[in-house]
Amino acid sequence: MKIIWYGHACFWIEINGVKILIDPYEYVNDDAIDGIDYILVTHEHIDHYGKTPLLARLRDATVIGPKPVYLMAISDGITKVMEIEGEQEIELENKVKVKAIFMEHPSSQYPVGYIISNEQKTLFHTGDTYYSPIFKNFRGKIDVLFVPISGRSTANVREAANIVEVVRPKIVIPMHYGVYSEGNVEELIKELRERRIWVLVKVPEVGKPLEV
């Protein structure tokens, strides 16, 4: 499974040959992103929806998102678009499944995260979120957890560590920093070590593939 970070909360994931882009923000380098089957948008804010209309047209991709995103995409002339609700699961192709999970992001009308899975691995992109008790439902069930750390309308380092402590994934990939706000990855690693939470933290570099 290949993962490429394009900054902020934007990731490209190839799983079972299905190519998924998540949250293409307004400043993302769209020329660098090639091959997209689906665009998953966690919520309607511009730093997550941003270049969705452009990339959907350029790459002939299907947009998937909660109702506010669905309505925005329709308004922007996108015809290949699907609405998804919290707790709803969609099967794409090649045995790849996407499930929406309602997140804790009060400034959004309907924020979700996405669990993406195949027969071997489960990824959880939490979108914008603070800590909430819902994360207890996923303890020991997630292989790769994408978690925000900036503290700007999302979890900060301490809250991100709370999420990791509850979920106990195998791999943590920090996100939501470096474009609109800063985030200290080393502080996250330190916080996890102090709590004796032994997970692998993979720090992505923009445009550099990660294999998980």
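In this chain, residues are counted from 1 in sequence order. As the structure is a prediction and not an experimental result, all values here were calculated from the model. Any value given below was found using the heavy atoms of this structure, including those in side chains, with hydrogens, waters and symmetry copies removed.
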Q. Would you say K2 has more than 12 foreign heavy atoms packed within less than 6.0 Å of its NZ?
A. no
Q | Heavy-atom check, side chain of F135 versus side chain of I142, under 4.5 Å | A | no
(Q) Applying the side-chain contact (heavy atoms from CB on, under 4.5 Å) criterion to Y38, which one of V96, T62, I90, V63 satisfies it? (A) T62
Q. Given the rule in the side chain to side chain contact (heavy atoms under 4.5 Å, CB included) test, do T42 and D128 qualify, once you have shown the distances and angles that lead to the verdict?
A. CA-CA 8 Å; T42 59; D128 277 4; 5.8 Å; no
Q: Compare all side-chain heavy atoms of L145 with those of I163 and state whether any distance is below 4.5 angstrom.
A: yes
Q | K97 atom NZ, neighbour heavy-atom count above 12 within 6.0 Å | A | no
Q.
Ignoring hydrogens, what is the shortest heavy-atom contact between D143 and Q120? Give both atom names and the distance.
A. OD2-O, 3.8 Å
Q. Cut-off 3.5 Å, side chains only: do H105 and T129 have a donor facing an acceptor?
A. no
Q. So if you build clusters from Ile, Leu, Val, Met, Phe, Trp, Tyr with side-chain heavy-atom gaps below 4.5 Å, do I39 and I15 land together?
A. no
(Q) Checking E182 against S150: is there a side-chain donor and acceptor pair closer than 3.5 Å? (A) no
**Q.** W5/Y177 aromatic ring centres below 6.0 Å
**A.** yes
Q: Can you see which heavy atom on V164 is nearest to which on P169, and at what distance?
A: O-CD, 3.7 Å
**Q.** Verdict with reasoning, V41 to I64, per side chain to side chain contact (heavy atoms under 4.5 Å, CB included)
**A.** CA-CA 6 Å; V41 183; I64 300 175; over 6 Å; no
Q: Please answer whether the main-chain N or O of S153 pairs with a side-chain N or O of H176 as donor and acceptor at a distance below 3.5 Å.
A: no
**Q.** Worked check of side chain to side chain donor-acceptor pair (under 3.5 Å) between D30 and Y6
**A.** CA-CA 9 Å; D30 50 88; Y6 287 103; over 6 Å; no
Q. For residues Y131 and E165, is any side-chain donor paired with an opposing acceptor at under 3.5 Å?
A. no
Q. Do Y49 and D76 get their side chains close enough for a donor-acceptor pair, meaning under 3.5 Å?
A. yes
**Q.** Side-chain donor-acceptor pair present, D23, H8, cut-off under 3.5 Å
**A.** no
**Q.** pair N118-M1: side-chain heavy atoms closer than 4.5 Å
**A.** yes
Q: Report the residue from I173, L40, I20, L123 that forms a side-chain contact (heavy atoms from CB on, under 4.5 Å) with F11.
A: I173
